[in-house]
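Scroll down for the structure; my scribbles are underneath it.
Just so it is clear, the values below take in all heavy atoms, side chains as well, and ignore hydrogens, waters and symmetry mates.
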Amino acid sequence: MIAPLMLALAIALAPPAFAGSRLASLDWTLAETLIELDAPPVALAQVDDYASWVGQATPPPVIDMGLRTQPNLELLASLAPEHILISPMFDNLAPRLSAIAPVETLSIYTPDEPVWPELELLTRKLGELSKREEAAEQLIETSGFEVDCLASHLPTESRPLMIVQFMDARHVRIFGANSLFDNVMSRLGLINAWQEPTNAWGFSLARLERLISLEQARLVIIEPYPAGVAAALKTSALWQNIASVVRDDVITLPPIWSFGGLPSATRFARTLAAALSDDQSQVLKACANGKPPDQTLSILPTNHRTDTGSALTTENAHGSH
């Protein structure tokens, strides 16, 4: 009885909630951009996991269509989307999805291609598909202004930063060239301590002990932690020997989708800028308005940790990705 009730509810609720193009998305990067354009998809895969990893709740009308790799095709068909949006990772599903609606495959993070222009192109394409072209142009403009504004007010001196996300208690992703985080850091004028080769998504997989040799780097951890990791680090000798942990200058940021679009890029810039300064409330407020950099505000000091500055201040163990 549960499945028929879900189908009936989806059919009853979804149509009046979406006056524009009816788009469904298996991909979280595409979905977060559509939501920012005020054109949320009628259906999205793994809604709860999206909230945990992207750091953003979906609007109530968005229907969960199941796993990204195994969407509920019956539910999806009942929603009658005009297009189904996927990334190349889900190309194998295109033949089945195309029986429901035309499939659009949109990609970013092309090797050796600059990331920010790709994010802008993606935003414009989604603006066209959702009939929100003006909103797309506004998002592109305000995102660029906000990041540049934050860059103009960051401390002039800072340790190189190493951006990591835990896979388990002994392994991390370290983000470098061709990643969203590296691109935003470059635009902010910050130095990425990780200069090793990365994969197509801009990260390297490394054992925890690899971080010990990077003594000058300040560690920036992107949540969520996989289950049990925060507790395990409290008793980890490897963790306690990492220079940034010894200095007690680790920065922990809330969930930000590491393969995201312009919304994730600006969220990363905003939270990182706040963590690197004593009080940037005035700057953050001004920059969030999408204004060009205001050179009249003073540079703030560097010796600050947020209340989540230590990765071990709280146990925030979310389910693994």
Side-chain angles (χ1 to χ4, degrees), residues 115 147 150-151 153-199 201-226 228-256 258 265 268-280 299-317:
V115 172
V147 176
L150 293 169
H153 297 101
L154 280 175
T156 54
E157 293 185 14
S158 176
R159 285 183 179 273
L161 304 177
M162 183 162 49
I163 315 299
V164 306
Q165 195 166 43
F166 276 91
M167 304 299 292
D168 56 41
R170 295 291 298 269
H171 300 87
V172 294
R173 289 172 175 164
I174 311 179
F175 293 91
N178 205 53
S179 70
L180 176 75
F181 299 144
D182 180 75
N183 190 268
V184 173
M185 287 171 60
S186 178
R187 189 155 181 155
L188 289 173
L190 300 170
I191 299 172
N192 191 339
W194 189 251
Q195 299 297 319
E196 300 296 323
T198 59
N199 60 20
W201 294 279
F203 68 85
S204 308
L205 288 174
R207 295 177 65 86
L208 195 60
E209 51 262 38
R210 182 68 179 85
L211 307 184
I212 296 175
S213 63
L214 299 167
E215 297 181 356
Q216 296 304 311
R218 185 175 187 183
L219 203 58
V220 179
I221 298 170
I222 308 294
E223 294 182 324
Y225 290 110
V229 167
L233 292 180
K234 290 182 178 180
T235 58
S236 168
L238 285 174
W239 176 253
Q240 301 300 330
N241 278 299
I242 295 172
S244 187
V245 178
V246 174
R247 290 193 303 268
D248 197 24
D249 65 4
V250 176
I251 293 171
T252 302
L253 299 184
I256 301 166
S258 52
F268 174 64
R270 195 180 305 131
T271 55
L272 182 60
L276 290 171
S277 301
D278 277 333
D279 180 8
Q280 280 211 352
I299 299 295
L300 295 169
T302 65
N303 56 341
H304 173 69
R305 290 171 55 246
T306 63
D307 58 357
T308 56
S310 170
L312 302 180
T313 54
T314 60
E315 287 194 34
N316 190 2

Can you list the residues that meet the side-chain hydrogen bond (donor to acceptor under 3.5 Å, both in side chains) rule with [X], with sequence neighbours excluded?
X	answer
Gln216	Arg159
Asn192	Asp182
Asn199	none
Thr198	none

Taking atom [atom1] of [X] and atom [atom2] of [Y], what is their separation to the nearest 0.5 Å?
X	Y	atom1	atom2	answer
Thr271	Ile222	OG1	CD1	6.5 Å
His153	Leu276	NE2	CG	15.0 Å
Leu208	Leu238	CG	CG	5.5 Å
Ile256	Glu223	CD1	CD	9.5 Å
Arg173	Ile163	CZ	CD1	14.5 Å
Leu214	Ile174	CG	CD1	7.0 Å

What heavy-atom pair brings [X] and [Y] nearest, and what distance separates the two atoms?
X	Y	result
Leu233	Ala169	CD2-O, 4.1 Å
Thr252	Tyr225	OG1-OH, 4.0 Å
Asp168	Val229	C-CG2, 3.6 Å

**OP:** Please list, chain by chain and in numerical order, all residues satisfying side chain to side chain contact (heavy atoms under 4.5 Å, CB included) with Ala193, sequence neighbours excluded.
**Re:**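 Scan of Ala193 (side chain to side chain contact (heavy atoms under 4.5 Å, CB included), adjacent residues dropped) gives Pro160, Met162, Ala217.
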Original post:
Which word best sums up how the rings of Phe181 and Phe268 line up, parallel for under 30°, tilted for 30 to 60°, or perpendicular for over 60°?
Top reply: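 Phe181 and Phe268: tilted rings.
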Original post:
Would Val246 and Asn241 satisfy side chain to side chain contact (heavy atoms under 4.5 Å, CB included), going step by step from the backbone distance to the final call?
Top reply: CA-CA 7 Å; Val246 174; Asn241 278 299; 5.8 Å; no
Subject >> Which residues share a salt bridge (Lys or Arg N to Asp or Glu O under 4.0 Å) with Glu209, sequence neighbours left out >> reply: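 Counting only residues at least two positions away or on another chain, Glu209 forms a salt bridge (Lys or Arg N to Asp or Glu O under 4.0 Å) with Arg170, Arg207.
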Subject >> Residue that, paired with Leu272, satisfies side chain to side chain contact (heavy atoms under 4.5 Å, CB included) out of Leu154, Val184, Leu161 >> reply: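 Only one of Leu154, Val184, Leu161 forms a side chain to side chain contact (heavy atoms under 4.5 Å, CB included) with Leu272, namely Leu161.
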Using only atom types and a distance under 3.5 Å, with no angle test, would you say the side chain of [X] pairs donor to acceptor with the backbone of [Y]?
X	Y	answer
Ser258	Leu180	no
Arg218	Asp249	yes
Ser186	Asn183	no

**OP:** Answer yes or no: is there a side-chain heavy-atom contact under 4.5 Å between Phe166 and Pro226?
**Re:**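 Phe166 vs Pro226: side chains touch.
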